[in-house]
Protein chains: 2
Amino acid sequence: MTVDEVQKEEFELRKRSSLGQVLMKAARLLNEQAIDRVRARTEQDLRPAHTAVFPHIDLEGTRLTVLAARMGMSKQAVGQLVGELEAMEVVERVPDPSDGRAKLVRFCQRDGKLVLFEGLAVLIEFEAELAEQLGRERIDALHAQLTALLDVLEAPQSLTKK
Amino acid sequence: MTVDEVQKEEFELRKRSSLGQVLMKAARLLNEQAIDRVRARTEQDLRPAHTAVFPHIDLEGTRLTVLAARMGMSKQAVGQLVGELEAMEVVERVPDPSDGRAKLVRFCQRDGKLVLFEGLAVLIEFEAELAEQLGRERIDALHAQLTALLDVLEAPQSLTKK
DNA sequence: AAGATAGTCAAGCATGGTTGACCAAATAGT
DNA sequence: ACTATTTGGTCAACCATGCTTGACTATCTT
């Protein structure tokens, strides 16, 4: 194989965006647009890092340390996010009755429903619009495949020998 | 519907990680692990931002301004990335014969093959390993669905017009 | 009393950008 | 031909995001 052929072949390989790049771009765009919507609707400076906290907060409330552990981050980092969410009145910190040191992070309530509800509705609406354009089954399949991919990526020493 | 029921329903909705979050996490993990491999193998401080440049560099070389336009970034930002890639001897800047102001950014060559080749091989190998665990057809389907998603997200109808 | 644990405060850092000022070469207007 | 403007690129400063580590207080456990 000549030098030129090697170059051409490599060039084609490179041109076909890798899975990682497509993933990255899709994730960035999706998040940007979703966050834009939430911001436009709720007037709150909600950023991706904030939304990452939500799935880890139990309805009864969750301790900061537990959140940090679940998210695989330092408690200081989570503390900052929670602090910002508190300022937006999305979550609140209440003392943990079972431990004087601890506080429970939980969603604020207003008019008898969680404050988060509106913002969440926007996200669900956005996903619904995507489903409309792509087909619900494609979105579901995508979700399932991403989840499978996550399982592999998160498996201890599945691929990366550390 | 009672307050409690509303809360429960919302809670379930929130708990099922949104597409965006799954996407984000998968993208982050995949990129981290891929970059780790490239770094381990090539001893170069290649970061995700760098790899994002590659698909936009033509084999003959491409001007910085063109790169910036293609990537939707400022030329200064691209200039920095290219500068770093130049220091790693991955790309080089050569004067554009057709314009005295311009320079062409192109891949370096060494031993008659592009320097990038090794790093690229690592990425391809990584994707192959993933395919082995998930099944090639799943990876391909994922790629296709992400591409379709990108098309929708990038459609001019989207609110973020640049 | 001696840790361990929950949380906070403060500082700092890496990444990945941005904007503004500027220079030199190219091109257009007259 | 010769300004005037546009264009390609660089330098420098700055910014937002999303973390980290270190030091510290209050409380709980043993």
Side-chain angles (χ1 to χ4, degrees), chain A residues 21 24-25 27-29 31-32 34-36 39 44-54 56-57 61-88 91-106, chain B residues 21 24-25 27-29 31-32 34-36 39 44-54 56-57 61-88 91-106 160 162:
Chain A
Q21 292 197 12
M24 248 338 221
K25 195 166 182 183
R28 209 180 30 111
L29 285 176
N31 248 287
E32 266 175 16
I35 294 287
D36 277 354
R39 279 212 258 241
Q44 286 176 337
D45 184 29
L46 195 69
R47 284 173 288 111
H50 295 128
T51 72
V53 185
F54 296 162
H56 303 287
I57 302 178
T62 307
R63 292 186 192 178
L64 193 63
T65 307
V66 174
L67 286 180
R70 286 185 186 167
M71 300 175 66
M73 291 168 45
S74 67
K75 50 186 185 172
Q76 293 95 323
V78 179
Q80 186 179 317
L81 294 176
V82 168
E84 288 164 8
L85 287 169
E86 201 176 18
M88 296 180 216
V91 303
E92 60 189 353
R93 281 182 241 232
V94 297
D96 184 338
S98 72
D99 190 329
R101 300 163 300 178
K103 297 172 193 172
L104 293 176
V105 177
R106 70 178 187 201
Chain B
Q21 292 197 12
M24 248 337 218
K25 196 166 181 183
R28 214 185 24 126
L29 285 175
N31 247 287
E32 267 175 16
I35 294 287
D36 276 355
R39 278 213 260 241
Q44 285 177 338
D45 184 29
L46 195 69
R47 284 173 288 112
H50 295 127
T51 72
V53 185
F54 296 161
H56 303 286
I57 302 178
T62 308
R63 293 185 192 177
L64 193 62
T65 309
V66 174
L67 286 180
R70 286 184 188 169
M71 299 174 66
M73 290 168 45
S74 67
K75 49 188 185 170
Q76 293 93 324
V78 179
Q80 186 179 316
L81 293 175
V82 168
E84 288 163 7
L85 286 169
E86 200 176 19
M88 297 180 216
V91 303
E92 60 189 352
R93 282 182 240 234
V94 298
D96 183 340
S98 71
D99 190 328
R101 301 164 299 176
K103 298 171 191 172
L104 293 176
V105 177
R106 70 177 187 202
T160 33
K162 262 259 160 127

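Predicted model only: the values in this text are computed from it and were never measured. Letters go in sequence order (proteins before strands), and every chain restarts at 1. Heavy atoms only: backbone and side chains are in, while hydrogens, waters and symmetry mates are out.
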**Student:** Of the options D/dT20, D/dG8, C/dT19, whose atoms approach the side-chain atoms of B/K75 most closely?
**Tutor:**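 The closest nucleotide is D/dG8.
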
**Student:** Are A/I35 and A/T51 packed together at the side-chain level, in the sense that at least one heavy-atom pair is separated by less than 4.5 angstrom?
**Tutor:**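 Sidechains of A/T51 and A/I35: in contact.
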
**Student:** Please report the C-alpha distance between A/H56 and A/V78 in whole Å, then the side-chain angles of each, then the deciding distance to 0.1 Å, and finally whether the side-chain contact (heavy atoms from CB on, under 4.5 Å) criterion is met.
**Tutor:** CA-CA 11 Å; A/H56 303 287; A/V78 179; over 6 Å; no

**Student:** State whether the side chain of B/R93 and the backbone N or O of B/K103 hold a donor-acceptor pair below 3.5 Å, judged by distance alone.
**Tutor:**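 Side chain of B/R93 to backbone of B/K103: no pair is present.
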
**Student:** To the nearest Å, how far apart are A/H50 NE2 and D/dT17 C1'?
**Tutor:**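 Rounded to the whole Å, the gap is 10 Å.
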
**Student:** To the nearest Å, how far apart are A/R63 CZ and C/dG7 P?
**Tutor:**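 Nearest whole value for this atom pair: 6 Å.
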
**Student:** For B/D99 and D/dG9, what is the distance between atoms CG and C1' respectively, to the nearest whole Å?
**Tutor:**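 My rounded result for the distance is 11 Å.
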
**Student:** Find the distance A/L104:CG to D/dT27:P and express it as a whole number of Å.
**Tutor:**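 Result: 16 Å.
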
**Student:** Quick one: label A/A77 by what it contacts on the DNA or RNA (base, sugar-phosphate, nothing), any heavy atom closer than 4.0 Å.
**Tutor:**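 Base contact.
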
**Student:** Looking at C/dG16, does its base get a donor-acceptor pair with the side chain of B/E84 below 3.5 Å?
**Tutor:**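 Flag unset: no donor-acceptor pair detected.
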
**Student:** Under 3.5 Å, is there any donor-acceptor pair linking the side chain of A/Q76 to the base of D/dG18?
**Tutor:**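 Answer is no: no donor-acceptor pair is held.
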
**Student:** What is the minimum heavy-atom distance between A/A49 and A/V53, and which atoms define it?
**Tutor:**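 Of all heavy-atom pairs spanning A/A49 and A/V53, the closest is O-CG2, 3.6 Å.
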
**Student:** What is the distance, to the nearest angstrom, from the CG atom on A/N31 to the C1' atom on D/dA16?
**Tutor:**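 Going from A/N31 (CG) to D/dA16 (C1'), I get 16 Å.
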
**Student:** Over how many whole Å does the gap from A/L64 atom CG to D/dT27 atom C1' extend?
**Tutor:**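 About 16 Å, once rounded to whole Å.
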
**Student:** May I have the distance from A/L67 (atom CG) to D/dC19 (atom P), rounded to whole angstrom?
**Tutor:**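 Distance, rounded to whole Å: 14 Å.
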
**Student:** Quick one: on DNA chain D, does B/R101 or A/G100 contact a more 5' nucleotide (nearest heavy atom)?
**Tutor:**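 Comparing both residues, the 5'-ward one is B/R101.
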
**Student:** Whole-Å distance between D/dT7 P and B/D96 CG?
**Tutor:**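 The distance from CG of B/D96 to P of D/dT7 comes to 16 Å, rounded to the nearest Å.
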
**Student:** Of the options D/dG22, D/dG9, C/dG7, whose atoms approach the side-chain atoms of A/R93 most closely?
**Tutor:**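 The nucleotide sitting nearest to the side chain is C/dG7.
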
**Student:** With DNA chain C as reference, determine whether A/A102 or A/R28 sits nearer its 5' end, using the nearest nucleotide of each.
**Tutor:**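 The answer here is A/A102.
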
**Student:** When the nearest nucleotide of DNA chain D is assigned to B/T65 and to A/S74 on a heavy-atom basis, which residue is associated with the more 5' position?
**Tutor:**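 This one resolves to B/T65.
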
**Student:** Want to settle it: does A/Q80 or B/V78 sit nearer the 5' end of DNA chain C, counting the closest nucleotide to each?
**Tutor:**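 Mapping each residue to its closest nucleotide by heavy atoms, the 5'-most match is A/Q80.
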
**Student:** With a 3.5 Å distance limit and no angle check, can you tell me whether A/H50 reaches the backbone of A/R47 through a side-chain donor-acceptor pair?
**Tutor:**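 Yes.
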
